[in-house]
Amino acid sequence: MDTNSPEIDQILKLQRQFKNKYRKLNQLGKVKFEKIIDFNEFKTSFETLMAQFDFRQGAMFNKNQFLENPNKRNFFYGLFKQGLLHVTLLKIDDEIIASMIGASDKKWVHLQGVNTHSPAYGKFSPGILHFYLLGDLIRKERGVFDLTPGLDEYKERWATDHDWVYTITLTQNRQFYIKRFLKKNIHSTLIKLGFKPMKVELLLEKKVYLLKKKWNLRRLNTLWKKENLIPRRLSLPLDKKFDQLSITENNLSDLLKYEETKGNLSRWEFMESVMNEMGNGKVIFSHTKDEKMVAMISFEKKETKNGPVKDDINCKNTSHTLENLYFHPDTTEEQLVSFFRSVCNTIYSKYNISEVLFLHDEKKSQLFKEIL
């Protein structure tokens, strides 16, 4: 995207759907777009960016680059100190909701780096909004935004020009050569048929991964199936004594501490499920201890134009709901009871909600007698 192109004004013109989303974001707080040039500020922000990046990569590709490679953090610190990174943040008040860290030199900014957004604000498309603002900033800097190779629609929409990139592979290994030859031809065929090779590869990889996990773990989903859930209306706060636990909301660093164990969802499924929950506006409450996520539950706060709706036990779609309770296999009954009551107390005190509909598994009814 050459910002000196005569097409740039039309490319960076915010479409109506994104204008509406930007306006709604402003109703939640003060929207700020910042370029980070101070190392201490970058270092402080980077903790959040790592969690956002690993969480999204975990949900989409089953990758946790920063968790799997602790040296990656210091590598980025070194690049920043040498002035080789272009770092921008999109915030609501002081909360980072999107970011982009790209390699930069001679007024060129390269997309291939770290770009993130908070899944809790997914319905506002913060990543796309950030890209528009970033493009406008690069225009003011009279630079070029290298969108990098790929078949993504948004890249084609924003590109003013294209470069051809050639690669050469030399090998004496016949088996490797045959694999590369076949892969190249398969990719070409998929593109001609209108498919994205990377998307097809990812789909196949995921199918194989889940098949292996299901075979090895012989597991049942701990995030319980909807058809097995029964509703129970609760009056908050729960009128019983308990030890208030430390509860976090939509804390990606805590959710990344999920441990895949027998009987639980695979890590890939868990991350994908929680990202979708947050993207649909649900709040994820969690509690961690000793670098392990002990328990979590999702909370959906229903509202209308006239304010919160009244709970109706016969219609969960118009009720504030608690569901998808997960707990680590090592969690004691006492810990689970304390967690659940702590969440209810948080909902009552923070959101001023006095009734919720708890959707739980009928098979676990004996356990919930203790909780409730």
Side-chain angles (χ1 to χ4, degrees), residues 119-120 123 220-251 254-255 258 263-265 270 273-289 292-372:
K123 63 181 179 181
L220 297 173
N221 289 350
T222 309
L223 292 175
W224 299 321
K225 295 179 180 179
K226 306 296 182 184
E227 60 266 25
N228 294 332
L229 298 179
I230 56 175
R232 163 97 182 244
R233 180 154 35 190
L234 302 177
S235 296
L236 303 182
L238 298 179
D239 188 23
K240 293 181 180 179
K241 293 182 180 180
F242 64 97
D243 295 327
Q244 178 73 32
L245 299 178
S246 175
I247 302 294
T248 60
E249 299 180 36
N250 293 339
N251 189 311
D254 280 359
L255 295 172
Y258 171 82
N264 291 340
L265 287 172
F270 175 81
S273 173
V274 174
M275 186 174 75
N276 290 334
E277 294 271 284
M278 293 174 68
N280 290 326
K282 295 183 181 181
V283 177
I284 307 297
F285 292 104
S286 59
H287 171 65
T288 60
K289 186 178 181 181
K292 178 177 67 180
M293 193 175 75
V294 175
M296 63 143 273
I297 195 169
S298 63
F299 168 62
E300 185 169 17
K301 181 172 175 281
K302 297 290 182 66
E303 292 190 6
T304 65
K305 292 181 180 179
N306 299 321
V309 298
K310 294 182 179 180
D311 287 340
D312 179 1
I313 195 165
N314 297 314
C315 185
K316 73 173 185 178
N317 292 325
T318 58
S319 302
H320 308 299
T321 57
L322 278 170
E323 59 183 321
N324 292 337
L325 175 64
Y326 155 83
F327 50 94
H328 192 279
D330 294 340
T331 305
T332 65
E333 188 174 295
E334 185 179 355
Q335 286 176 316
L336 186 58
V337 170
S338 293
F339 169 75
F340 188 83
R341 293 178 184 163
S342 297
V343 168
C344 290
N345 189 53
T346 301
I347 292 171
Y348 175 77
S349 58
K350 180 171 181 177
Y351 296 101
N352 194 29
I353 289 174
S354 58
E355 278 190 336
V356 296
L357 205 61
F358 177 40
L359 306 177
H360 63 88
D361 193 303
E362 191 171 10
K363 294 178 181 178
K364 306 290 192 301
S365 56
Q366 186 63 39
L367 175 63
F368 291 125
K369 285 180 181 179
E370 295 298 321
I371 292 179
L372 304 174

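Reckoned from all heavy atoms, side chains included, excluding hydrogens, waters and symmetry mates.
The shortest side-chain heavy-atom distance between Leu322 and Val343 falls under the 4.5 Å cut-off. The shortest distance between side-chain heavy atoms of Thr288 and Val294 does not fall below 4.5 Å. Under the 4.5 Å side-chain criterion, counting only non-hydrogen atoms from C-beta, Ile347 is in contact with Phe285. Within the 4.5 Å cutoff, side-chain heavy atoms of Thr346 are placed close to those of Glu249. In this structure, Leu236 and Val356 have side chains that are in contact, with non-hydrogen atoms separated by less than 4.5 Å. Annotation: side chain of Ile284 is in contact with side chain of Leu255 (closest heavy-atom distance under 4.5 Å). Inter-residue side-chain proximity for Asp254 and Met296 is flagged as unmet; no heavy-atom pair is nearer than 4.5 Å. Residues Met293 and Phe270 have side chains in contact (heavy-atom distance under 4.5 Å, counting atoms from C-beta outward).
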What verdict does the side chain to side chain contact (heavy atoms under 4.5 Å, CB included) test give for Val274 and Tyr258, after you've listed the backbone C-alpha separation in whole Å, the side-chain angles of each residue and the deciding distance to 0.1 Å?
CA-CA 11 Å; Val274 174; Tyr258 171 82; over 6 Å; no

Go through it in stages, so that I can follow the logic: the residues are Glu355 and His320, the test is side chain to side chain contact (heavy atoms under 4.5 Å, CB included), and I'd like the CA-CA distance, side-chain angles, deciding distance and then a yes or no.
CA-CA 7 Å; Glu355 278 190 336; His320 308 299; over 6 Å; no

Kindly determine whether Lys282 and Glu323 satisfy side chain to side chain contact (heavy atoms under 4.5 Å, CB included), including the steps that lead there.
CA-CA 10 Å; Lys282 295 183 181 181; Glu323 59 183 321; 3.1 Å; yes

Stepwise side chain to side chain contact (heavy atoms under 4.5 Å, CB included) test for Leu336 and Leu325:
CA-CA 10 Å; Leu336 186 58; Leu325 175 64; 4.2 Å; yes

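A distance of 11.5 Å separates NZ of Lys302 from CD1 of Ile353, quoted to the nearest 0.5 Å. With values rounded to the nearest 0.5 angstrom, Phe339 atom CZ is found 7.0 Å from Ser286 atom OG. With rounding to the nearest 0.5 angstrom, the CD atom of Glu300 is 4.5 Å from the OG1 atom of Thr321. Rounding to the nearest 0.5 Å gives a distance of 6.5 Å between OG1 of Thr331 and NZ of Lys292.
Across all non-hydrogen atoms, the minimal contact from Pro119 to Met275 is CB-CG, 4.0 Å. Contact record, Leu238 with Arg341: CD1-CG, 3.7 Å, taken as the closest heavy-atom pair. Shortest non-hydrogen contact noted between Ser354 and Tyr348 is CA-CD1, 4.3 Å. Taking every heavy atom of both residues into account, Gln244 and Asn345 meet most closely at OE1-ND2, 3.1 Å. Smallest separation of non-hydrogen atoms from Ser342 and Ile247: CB-CG1, 3.7 Å.
With no hydrogens or angles considered, a side-chain donor-acceptor pair links Ser298 and Glu277 at under 3.5 Å.
Put simply, the side chain of Thr248 never gets that close to the backbone of Asn251: no donor and acceptor are under 3.5 Å apart.
The aromatic ring centroids of Tyr351 and Phe299 lie less than 6.0 Å from each other.
Counting heavy-atom neighbours within 6.0 Å of Asp330 CG, excluding the residue itself, gives a total above 12.
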